[in-house]
Amino acid sequence: MNTPLSLLYLLIFPGGLFLIAMGLVYEWADRKLVAQFQNRIGPRWFQPLADVIKLLAKEEIIPAGVSSGLFTALPIVAVAAALTAALNVPMFGLRPAYSFSGDLIVAMYLLSLMTLCTGLAGANTNDRFSLIGATRTLTQLFSYEAPFMLALLGPAIMAGSWNISEINAYAESHLWMVVTQPIGALVAIIGLMGKLELPPFDAPEAETEIVSGALTEYSGRGLALFHIGKDIELVIGLTMVSAFYFGGLSNPIYFIVKTVVLLLITAGLQSLFARLRIDQTVGMWWRLGALLALLQLLVLIVFKGFGL
Amino acid sequence: MEAQTTTGKFVVPIGPQHPALKEPGHFEFTVDGEIVTGASVRLGFVHRGIEKGAEARNWVQNMYMVERVCGICSHVHATAYALGVEQLAGVTAPPRAQAIRELVAELERVHSHMLWLGVAAHEGGFDTLFMYSWRDRETVMDLLEAICGNRVHYSVNLLGGVKYDIDDKLADQLRKGVDFLEGRCEHYMKVVTTDETFVGRTKNVGKMSKEEAYELGSVGPTARASGVDRDIRIDAPYVSYEQFPVKLITDDAGDLQARFVVRIKELYESFRLIREILDHMPEGELTVKVPRRIPAGEAISRVEAPRGELLYFLKSNGTDIPDRVKIRTPSLCNWSSVVNYAVGHKLADMPMLLAGIDPCFSCNDRSVTIHRGGNVQNDWSWEQLRQYGIAYYR
């Protein structure tokens, strides 16, 4: 790749500006849908953008007793990780900007880095709510991460590749994997919600208990960056799950339709349940989620092994 | 903010300013990981001096004052006060006025319980139930507005009667609204008893046995959810509860879920009562004359507020200004039960447990000074009080 093109990929499309805009639009769609399900009006279309601009314009307060270097660096690392992960997925239904064999694993880890940064950010500050929030964030990371990974492993095994674009191409040319692997699809969707800390898995930032969890002490730019990072993660997560389980993303129209339908499903699930306690979340994932994902994997291996 | 206290325990403060609290109160939970090992409560952030203020106004003006003790159960406060004053003056309000008082009290209970249902669901992170129950609560707010023109402070009561009458058109509107609400409440009953995640958060959480409820002096739906058969509407009927009796609702489970179930069943009972009152409304006058100067004496009046027993003690010295108005609100009786059963639960359960007693902070804040021997100075000047206040909140 030549340098100007790489810069374009990184800064404008599909990374950088485009992805941030996309993330804000999807955040709005998510909030609007949940609001409609709850019989509220919901925010106007530019509300997430307005929130980010307002936060960026505000003073960033670094509380006493924190390592200020870490405090400033963590949100930047989180956004950078999310943006980097986006380069490997078929964003907007187009070919991934940068693709190599094994990029599925890299993308997964880059997405986890975001959660890890949130946890570290909470543990770095001296606030009680942040500390409890950080503990819960990391506990939740350990609970959904394995089942979610196993769920994304299913399509990878079927395609016989660790490359996201190859799996995407396989998914396009075959029957939708949500039909052939329904358990894996379910675990992947719910795992995505756990990853994004959406209700009912929002114990790490349960406002009625611990204010806003790990990010309680964040304000201004840091908070805005974490919000942007989370929005980007939402887009990447939706892209990956719909590329793997919902018949691949070969063009922009498919991309929009499939991710929005997936968002509709997650928004519905968000408004259906009461918040799970952190012990309930962990219990559910390890007792149910992990077992189901393993079962799915077993079926696949047997299926593959006998060459049916 | 220090993460560790001097005792080496990890204390999570909730309040006085916290998203879980709609009014200021301060709770300190000592936690070990997620498990709460100790709980304490400190009140008094919204003390308004209403009892003292009542001693500077006449009997009629105080009607206005006591209605503002609580923004949710304003009508029961006015009813309790009016009943006490009528008792002192030796008059009884006409039957129609009594029936209208009961009608509005039950509508208020509907509004209060639905508000609570939403708040409690929100504390548990179930915002959809919160939004739905508050949307439906608008119906009963509209009905109350149709009766008296106000959504919150109904001002239905007068000393010796009520201000507003119910005509046939209004009665039809009330029946229609109640039918709609009954359908919705059946749905909510289904949600709180069958929804998997919701039951997971409420069943066997915050259990309180019947004996404990007695010992801790719980009142209202909190006590009834533990199987205590205590309801002033039945034990000592006031207004027209003798003519239109209410059925006692109790539940033996004593957990958070039972508190939901008891309150929703009370809503059914309220709907039934409202219909019965509308069908058999006694005819007659709305008011009787009450003298401006109330004869000297003391009176106690008890009513069942949505949160439990509400007690008024009134003392008259024969003038048009009361000598003493003592108000004991139900929330004050229930705090000890929360602090008691909070221990051993998870931190995540605390907001729901706090909300479980339907707390009302501003109405239970009192100013109390304890003198431990020494030279007791009983009269404080304004300047001394001011200095004391500044030092106290420093």
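Nothing here was measured: the structure is a model prediction, and the numbers come from that model. Chain A is the first sequence line, chain B the second, and so forth, proteins listed ahead of strands; every chain is numbered from 1.
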Self-check item: B:D142 atom CG, neighbour heavy-atom count above 12 within 6.0 Å
Solution: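 Correct, the count exceeds 12.
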
Practice problem: Determine whether more than 12 heavy atoms belonging to other residues, nucleotides or ligands lie under 6.0 Å from atom CZ of B:F180. | Solution: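 Atom CZ in B:F180 is packed in, count exceeds 12.
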
Practice problem: Would you mind listing every side-chain hydrogen bond (donor to acceptor under 3.5 Å, both in side chains) that reaches into residues 282-292 of chain A, with sequence neighbours excluded? | Solution: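 As it turns out, there is no side-chain hydrogen bond (donor to acceptor under 3.5 Å, both in side chains) pair with a partner in residues 282-292 of chain A once direct neighbours are skipped.
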
Quiz item: B:D349, B:I14, B:V191, B:V12: which one forms the most heavy-atom pairs within less than 4.5 Å of chain A?
Solution: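 Going by pairs under 4.5 Å, I would pick B:D349.
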
Quiz item: Any residues in residues 36-51 of chain A near chain B, with a heavy-atom distance under 4.5 Å, and which are they?
Solution: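 Expected list: A:F37, A:Q38, A:N39, A:R40.
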
Exercise. Begin with the C-alpha distance, continue with both residues' side-chain angles, and end with the deciding distance and a verdict on side-chain contact (heavy atoms from CB on, under 4.5 Å) for B:H18 and A:F129.
Key: CA-CA 11 Å; B:H18 189 281; A:F129 301 123; 3.9 Å; yes

Quiz prompt | Any pair counted as salt bridge (Lys or Arg N to Asp or Glu O under 4.0 Å), so long as it reaches residues 52-67 of chain A, sequence neighbours left out | solution =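 Listed once each, the pairs are A:E60-A:R221.
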
Practice problem: List the atom of A:Q280, the atom of B:G200, and the distance in Å for their closest heavy-atom pair. | Solution: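 Closest pair (atom of A:Q280, atom of B:G200, distance): NE2-O, 3.0 Å.
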
Quiz item: Side chain, backbone, both or neither: which part of A:D202 has an atom under 4.5 Å from a heavy atom of chain B?
Solution: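 Neither part, no heavy atoms under 4.5 Å.
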
Quiz item: With only heavy atoms counted, which part of A:I278 is less than 4.5 Å from chain B, the side chain, the backbone, both or neither?
Solution: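 For A:I278, the contact with chain B is made by the side chain alone.
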
Self-check item: Side-chain heavy-atom pair B:L347, A:R277 within 4.5 angstrom cut-off
Solution: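 B:L347 vs A:R277: side chains apart.
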
Quiz prompt | Side chain, backbone, both or neither of B:V205 within contact of chain A (heavy atoms, under 4.5 Å) | solution =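 The side chain, not the backbone.
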
Self-check item: Which portion of B:R201 sits near chain A, non-hydrogen atoms under 4.5 angstrom
Solution: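 Contact with chain A: backbone and side chain both.
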
Quiz item: CG of A:L276 to CD of B:E196: how many Å apart, nearest 0.5 Å?
Solution: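 Here the interatomic distance stands at 10.5 Å.
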
Quiz item: To the nearest 0.5 Å, how far apart are CG in A:L272 and CG in B:D195?
Solution: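 The distance works out to 8.0 Å.
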
Exercise. Under 4.5 Å, heavy atom to heavy atom: which of residues 123-132 of chain B reach chain A? Give them by number, or say none.
Key: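 Interface residues of residues 123-132 of chain B: B:E123, B:G124, B:G125, B:F126, B:D127, B:T128, B:M131, B:Y132.
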
